[in-house]
Amino acid sequence: MKMKKSLVALCLSAGLLASMPAVTFADVNFVPQNTTAAPSVPTAALQQLVWTPVDQSKPKTAQLATGGQPLNVPGISGPVLAFSVPANIGEIALTLTSEVNKQTSVFAPNVLILDQNLTPAAFFPSDYFPYQEPGVMSADRLEGVMRLTPALGQQKLYVLVFTTPQDLQKTTTLLDPAKAYAKGIGNAIPDIPDPIARHTTDGTVKLKVSTNTASSVLVGPLFGSSSNGPVAVGNTAAPATAYAAPAPAPAKKAEPVLNDTEAYFNNAIKQAVNSGDVDKALKLLDEAERLGSTSARSTFISSVKGKG
């Protein structure tokens, strides 16, 4: 347990705040991996949800009124959205967008990230999804990017989107269309009041999955699920194409990796772990195995154990 907590702290020290939306950098002060602030959802209730798969091929847009699911849990108001995303494509970035509708209302999202065993791993409250002004190709919206590093050996992560009673008591100040137009063409911004969007349990939410290269939040135990198999999730929606489980070892290359190259990566992995940069160590491990290394994984594991 001590080792796991120290590793979580190490991952969080790698510039998490740098990945937050700049507009609220000074206002948001929380640690994503601290899930104690999130509503407590029983595992049995999570297993009953239908988890809609989303991958890199196409963003998923859902309406709370028609695509939401009931979840009778204290701290959650109205229907929820449940998504599953692939965890075997490396580091990922999840862009969550909640659009302001024509009735000048908006769904204020909170997101609970769960690993493949349905264990809460990260919590992003509504403050993480600030208001974004309309652009040429986008409307008024609440939006945030969650950067995650799935631990090795996982196949899926689960994304639970919901709003809270506290959020329903709040509003969002929008930018008046006349001000947006004046700002866009460089004219003087008129002195007129901005519209106010009330928060509701309904709305339109879009989730986009992409690969990530910035610092991120580690999700799941570092050594995958070798001791505990993934939880069987009831009523899981079947993906369009099945996610392949990650191979236990990289495919053998025609030519073995050179000893000097193997030693270079092993030393770099040790140095990264010793300096507390687990994200860098994971990236080095991936690259080493891609080149055909057979000792990088054991080096990474022994180095992490040494830090525990």
* So which heavy atom on Gly75 is nearest to which on Pro165, and how close? -> O-CD, 3.5 Å
For residues 92-99, tabulate all N or O donor-acceptor pairs below 3.5 Å that involve a side-chain atom, not counting sequence neighbours.
from, atom 1, to, atom 2, distance (Å)
Thr97, OG1, Glu143, OE1, 2.7
Ser98, OG, Phe107, O, 2.6

* To do: Examine Val205 and Leu168 and state if one hydrophobic cluster contains both, with Ile, Leu, Val, Met, Phe, Trp and Tyr joined whenever side-chain heavy atoms are less than 4.5 Å apart.
  => no
* Asked: What is the minimum heavy-atom distance between Leu142 and Ala108, and which atoms define it?
  -> CD1-CA, 3.9 Å
* Asked: Going through the checks in order, is the side chain to side chain contact (heavy atoms under 4.5 Å, CB included) test met by Gln48 and Gln69?
  -> CA-CA 10 Å; Gln48 294 303 311; Gln69 303 176 63; over 6 Å; no
* Asked: Between Gln271 and Lys280, is any pair of side-chain heavy atoms under 4.5 Å apart?
  -> no
* To do: Test side chain to side chain donor-acceptor pair (under 3.5 Å) on Asp202 and Thr200 and set out the steps.
  => CA-CA 5 Å; Asp202 187 19; Thr200 66; 6.0 Å; no
* N/O donor-acceptor pair under 3.5 Å between Lys270 side chain and Thr299 backbone -> no
* Which atom of Asn266 lies closest to which atom of Ala296, heavy atoms considered -> OD1-CA, 3.4 Å
* To do: Could you tell me whether the side chains of Thr164 and Asn110 share a donor-acceptor contact shorter than 3.5 Å?
  => no
* Verdict with reasoning, Val41 to Ile76, per side chain to side chain contact (heavy atoms under 4.5 Å, CB included) -> CA-CA 9 Å; Val41 185; Ile76 293 180; 4.2 Å; yes
* CD-NZ distance between Gln56 and Lys208, expressed to the nearest 0.5 angstrom -> 10.5 Å
* To do: For side chain to side chain contact (heavy atoms under 4.5 Å, CB included), just list the numbers for Val209 and Phe83, CA-CA rounded to whole Å, side-chain angles, deciding distance to a tenth of an Å, and then say yes or no.
  => CA-CA 11 Å; Val209 178; Phe83 302 104; over 6 Å; no
* Going by distance alone, is a donor N or O of one side chain under 3.5 Å from an acceptor N or O of the other, for Thr119 and Asn117? -> no
* Asked: Taking Asp194 for the side chain and Asp176 for the main chain, is one N or O donor matched with an acceptor at less than 3.5 Å?
  -> yes
* **Within-4.5 Å side-chain heavy-atom neighbours: Phe265 and Ser293** => no
* To do: Check step by step if side chain to side chain contact (heavy atoms under 4.5 Å, CB included) holds for Val106 and His199.
  => CA-CA 5 Å; Val106 67; His199 293 180; 3.6 Å; yes
* **Spacing of CZ belonging to Phe162 relative to CG belonging to Leu81, to within rounding of 0.5 Å** => 11.5 Å
* Check: Val145 main-chain N/O paired with Tyr128 side-chain donor or acceptor under 3.5 Å -> yes
* Structure fact -> side-chain contact (heavy atoms from CB on, under 4.5 Å) with Pro150: of Ile113, Asp115, Leu157, only one passes, and it is Leu157
* Asked: Hey, does the side chain of Arg141 reach the backbone of Val100 with a donor-acceptor pair shorter than 3.5 angstrom?
  -> no
* What's the spacing between Leu118 CG and Leu49 CG if we round to 0.5 Å? -> 9.0 Å
* Asked: Closest heavy-atom contact between Pro195 and Leu175?
  -> CD-C, 4.2 Å
* Arg297 side chain reached by Leu285 side chain, heavy atoms, under 4.5 Å -> yes
* Asked: How many angstroms lie between OH in Tyr131 and OG1 in Thr172, if you round to the nearest 0.5 Å?
  -> 9.0 Å
* To do: Nearest 0.5 Å please: distance from the CE atom of Met146 over to the CG atom of Leu207.
  => 6.0 Å
* Asked: With distance as the sole test, does Gln116 use its side chain to make a donor-acceptor pair with the main-chain N or O of Gln154 at under 3.5 Å?
  -> no
* Asked: Quick one: are Leu64 and Val161 in side-chain contact, heavy atoms under 4.5 Å?
  -> no
* Euclidean distance, Ile269 CD1 relative to Asn274 CG, rounded to 0.5 Å -> 11.5 Å
* Asked: With side chains defined as the heavy atoms from C-beta onward, is the minimum distance between Val73 and Val80 less than 4.5 Å?
  -> no
* Write down the atom of Thr35, the atom of Ala121, and the distance for their closest heavy-atom approach. => CG2-C, 3.7 Å
* Does the Trp51 side chain pair with the main chain of Leu46, one donor and one acceptor, at a distance under 3.5 Å? -> yes
* Asked: Can you tell me if NZ on Lys60 sees more than 12 non-hydrogen neighbours from other groups inside 6.0 Å?
  -> no
* To do: Give a yes or no answer on whether the side chain of Ser77 reaches the backbone of Thr163 with a donor-acceptor pair at less than 3.5 Å.
  => no
